[in-house]
*Asks:* 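One structure, as structure tokens, below. Some questions next.
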Amino acid sequence: AWTTITDGTLTANKPIKQSSLRAMRDNPIAITEKAAGAPVLANNYVVEAMIAALAVTEAKLGDGAVAQGKLKTATGAVSTTTNNALLTLPGGQYGFWPIYDDASISGSKVHASMLVGIDTINSLLSLFTALDAVSGVAHIVLGVEAGPGITITATQRYIQGCPPYDLGDGEILLFVFAEIDPSGKIQSLYVAPEAPWHNNGPTDIRAERRHAGKSYRSVAALLAEYGSCKAARAAGLTHAQIADCLVTDPMVEVEITQAIKNADMPLIPHPFGRSPTGNTIVLLDPVSPFVERLWRLHDAGESVSKLIHAGEILVDNTLLPRKGPPGVMCCGARWKLTR
């Protein structure tokens, strides 16, 4: 209980009474427990002041304060053995310029082109047919024009979106997509901790705060309700109404669920653009112990793409009961038997 200690009970040069000592001991506890009569922190002033003092703001960040090691980045690779392959880069608009492994292409004629405009690459126009409805996708064209058995690989470092990821069967550490021709030969590969739809689709999966394994972001109430301005327009709102809501709506915190993370999967189900007729798109069983081991190698700097193209890893052709992108076959893989 709270006890008020009056000035009269504390007299100079007089002993302190037991009741006053007990009050000195109990009153701090009474304040924290909000006992009757105890003083109250008005509007949580002290707590708010502490938060404001401890918050990391842009003004508090010194020039060059965010070093490379502070960025949450990952690497992904796309590769091909064909003349022209339209491949989706894993980083999307958050990806850095890719680098190329030329150790195995000496003396061969290869090319790599970033798709910044179709006027300069008219010969590849047919590859865009299936991509007209998706804008903002980061593509690259890789090709091997001479040299049998040659593979060209583009490796990109990018800022990660919002791991972990789960398609419905468990947490996924690495996405390994393969494009296989009718003869069973692997033509192109994609290896990255993010799927192609995570950074390339229209849905924003960036996280501002993480707590207890969940990710959150603050958005206007309109976006929390509809998901995007485009969806609000589809629901019948005008651009003027949407703009007014974005000005007047309160900010609400929404959880970035797996449904949000995978919302663009139907738009970009695989990283191979318009795959030639007869080719099969495969996703290696993403929750298998084998793919976990591939992720360990990938995270340690080993090229999983090279291992697969070199035939050290064999892809099975048996369909597995896994949840995954539409039109993509999920199957297992294994090490090639060696002596």
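Here the structure is a predicted model, which is why all the values come from computation and not from measurement.
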*Asks:* Would you find a donor on one side and an acceptor on the other, under 3.5 Å apart, between the side chain of Arg217 and the backbone of Asp204?
*Replies:*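 Flag set: sc Arg217 to bb Asp204 pair under 3.5 Å.
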*Asks:* Is the closest side-chain donor-acceptor distance between Thr81 and His309 under 3.5 Å?
*Replies:* no
*Asks:* For Tyr165 and His198, take the angle between the two ring planes, folded into 0 to 90°, and tell me which bin it lands in: parallel under 30, tilted 30 to 60, perpendicular over 60.
*Replies:* parallel
*Asks:* When hydrophobic residues are tied together by side-chain contacts of less than 4.5 Å, even through go-betweens, does Ile5 share a cluster with Trp2?
*Replies:* no
*Asks:* Should Gln93 and Asn199 count as side-chain neighbours, where that means a heavy-atom distance under 4.5 Å?
*Replies:*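 They are not in side-chain contact.
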*Asks:* Roughly how far, to the nearest 0.5 Å, is the SG atom of Cys229 from the CG atom of Leu223?
*Replies:*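 Separation between the atoms: 5.5 Å.
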*Asks:* For the OH atom of Tyr216 and the CZ atom of Arg210, what is their distance to the nearest 0.5 Å?
*Replies:* 12.0 Å
*Asks:* Taking the side chain as every heavy atom from C-beta outward, state whether Lys336 and Ile313 have any atom pair closer than 4.5 Å.
*Replies:*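 The answer is no, as the side chains (C-beta and beyond) never meet within the 4.5 Å cut-off.
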*Asks:* Looking only at heavy atoms, what is the nearest atom pair of Pro163 and Lys261, with distance?
*Replies:*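 That would be C-NZ, 4.0 Å.
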*Asks:* Are Glu302 and Arg296 close enough for a salt bridge, meaning some N to O gap below 4.0 Å?
*Replies:*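 Arg296 and Glu302: not salt-bridged.
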*Asks:* Hey, does the side chain of Gln156 reach the backbone of Ala77 with a donor-acceptor pair shorter than 3.5 angstrom?
*Replies:*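 Looks like no, no N/O pair under 3.5 Å.
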*Asks:* Identify the heavy atoms of Leu173 and Trp295 that sit nearest to each other, and give their distance.
*Replies:* O-CD1, 3.1 Å
*Asks:* Testing the basics here: between Ala178 and Phe272, what is the closest heavy-atom pair and its distance to 0.1 Å?
*Replies:*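 Result for this residue pair: C-CE1, 3.7 Å.
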*Asks:* Set out, in order, the CA-CA distance, both residues' side-chain angles and the distance that settles side-chain contact (heavy atoms from CB on, under 4.5 Å) for Thr151 and Thr153, then state yes or no.
*Replies:* CA-CA 6 Å; Thr151 301; Thr153 301; 4.0 Å; yes
*Asks:* Looking at every non-hydrogen atom in both residues, tell me the closest pair between Phe177 and Pro196 and how far apart they are.
*Replies:* CE1-CD, 3.7 Å
*Asks:* Looking only at the side chains, is there a donor atom on one of Ser305 and Ser303 sitting less than 3.5 Å from an acceptor on the other?
*Replies:*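 Their side chains do not contain a donor-acceptor pair, so the 3.5 Å distance test is not met.
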*Asks:* With a 4.5 Å limit on heavy-atom distance, are the side chains of Ile205 and Ser215 in contact?
*Replies:* no
*Asks:* Does a donor on one side chain and an acceptor on the other come within less than 3.5 Å for Glu194 and Tyr158?
*Replies:*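 Indeed, the side chains of Glu194 and Tyr158 share at least one donor-acceptor pair under 3.5 Å.
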*Asks:* Go through the steps for Leu297 and Leu307 under the test side-chain contact (heavy atoms from CB on, under 4.5 Å), then give the verdict.
*Replies:* CA-CA 10 Å; Leu297 289 172; Leu307 295 176; 4.1 Å; yes
*Asks:* Is Arg293 atom CZ crowded by more than 12 heavy atoms from other residues, nucleotides or ligands, each under 6.0 Å away?
*Replies:*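 No, not enclosed.
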*Asks:* State, yes or no, whether a side-chain contact exists between Val78 and Leu189 at a heavy-atom distance under 4.5 Å.
*Replies:*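 Heavy-atom side-chain distance check fails, nothing below 4.5 Å.
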*Asks:* May I ask you to test the Val282-Thr280 pair for a side-chain heavy-atom distance under 4.5 Å?
*Replies:*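 Of all side-chain heavy-atom pairs linking Thr280 with Val282, at least one is under 4.5 Å.
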*Asks:* Would you check if the side chain of His298 reaches a backbone N or O of Pro193 as a donor-acceptor pair within less than 3.5 Å?
*Replies:* no
*Asks:* Return the minimal non-hydrogen interatomic distance between Pro286 and Cys330, and the atom names on each side.
*Replies:*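 So the two residues come closest at CD-SG, 3.8 Å.
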*Asks:* Is it possible for you to say whether Leu89 and Leu142 belong to one hydrophobic cluster, with membership spreading through side-chain heavy-atom contacts below 4.5 Å?
*Replies:*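 Yes; tracing contacts between hydrophobic side chains, which count when under 4.5 Å, links both residues.
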*Asks:* So, taking the atom named CD in Gln241 and the one named CZ in Arg233, what distance separates them when rounded to the nearest 0.5 Å?
*Replies:* 9.0 Å
*Asks:* Could you tell me whether a side-chain N or O of Thr88 sits under 3.5 Å from a main-chain N or O of His139, the two making a donor and an acceptor?
*Replies:* no
*Asks:* Is Ser20 reaching over with its side chain to a backbone N or O of Ile16, donor-acceptor style, under 3.5 angstrom?
*Replies:*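 Checking the backbone N and O of Ile16 against the side chain of Ser20, no donor-acceptor pair under 3.5 Å is found.
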*Asks:* Measuring from Ile308:CD1 to Glu312:CD, what's the distance to the nearest 0.5 Å?
*Replies:* 10.5 Å
*Asks:* Could you state whether Leu283 and Trp197 fall into the same hydrophobic cluster, counting links through intermediate Ile, Leu, Val, Met, Phe, Trp or Tyr residues with side-chain heavy atoms under 4.5 angstrom apart?
*Replies:* yes
*Asks:* Find out whether Glu208 and Ser218 are in side-chain contact, i.e. whether some heavy atom of one side chain is under 4.5 Å from a heavy atom of the other.
*Replies:* yes
*Asks:* For Lys14, does its backbone N or O pair with a side-chain atom of Thr11 as donor and acceptor, under 3.5 Å?
*Replies:*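 Judged by distance alone, no pair lies under 3.5 Å.
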*Asks:* Ignoring hydrogens and geometry, is there a side-chain-to-backbone donor-acceptor pair from Gln258 to Pro164 under 3.5 Å?
*Replies:* yes
*Asks:* Looking only at heavy atoms, which two atoms of Cys331 and Asp316 are closest? And how far apart?
*Replies:*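 For Cys331 and Asp316, the tightest heavy-atom pair comes out as SG-O, 3.1 Å.
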*Asks:* Working to the nearest 0.5 Å, report the span between CG of Asp26 and CD1 of Ile31.
*Replies:* 11.5 Å
*Asks:* Tell me whether Met265 is reachable from Ile281 by hopping between hydrophobic residues (I, L, V, M, F, W, Y) whose side-chain heavy atoms are closer than 4.5 Å.
*Replies:*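 Shared cluster, yes.
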*Asks:* Does Arg157 make a cation-pi contact with Phe96 (under 6.0 Å, within 45 degrees of the axis)?
*Replies:* no
*Asks:* Going through the checks in order, is the side-chain contact (heavy atoms from CB on, under 4.5 Å) test met by Leu237 and Tyr226?
*Replies:* CA-CA 11 Å; Leu237 275 68; Tyr226 292 102; 3.6 Å; yes
*Asks:* For the side chain of Asn262 and the backbone of Asp166, is there at least one donor-acceptor N/O pair under 3.5 Å apart?
*Replies:* yes
*Asks:* Kindly work out whether a path of hydrophobic side-chain contacts (I/L/V/M/F/W/Y, heavy atoms less than 4.5 Å apart) joins Leu87 to Val144.
*Replies:* yes
*Asks:* Quick check against the 3.5 Å criterion: does Asp249 have a side-chain atom that pairs as donor or acceptor with the backbone of Ala220?
*Replies:* no
*Asks:* Tell me yes or no: between the side chains of Asn279 and Gln187, is some donor less than 3.5 Å from an acceptor?
*Replies:*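 A donor-acceptor contact under 3.5 Å links the two side chains.
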*Asks:* Is the shortest heavy-atom distance from the side chain of Lys17 to the side chain of Leu21 under 4.5 Å?
*Replies:*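 Lys17 does not reach Leu21 side chain to side chain.
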*Asks:* Given 3.5 Å as the limit, does a donor-acceptor pair link the side chain of Asn27 with the main chain of Thr3, or not?
*Replies:*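 Yes.
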*Asks:* With rounding to the nearest 0.5 Å, note down the distance linking CD1 in Ile152 to OG1 in Thr80.
*Replies:* 9.0 Å
*Asks:* Take Leu222 and Leu246, measure what side-chain contact (heavy atoms from CB on, under 4.5 Å) needs, and give me the verdict at the end.
*Replies:* CA-CA 7 Å; Leu222 173 85; Leu246 294 177; 4.0 Å; yes
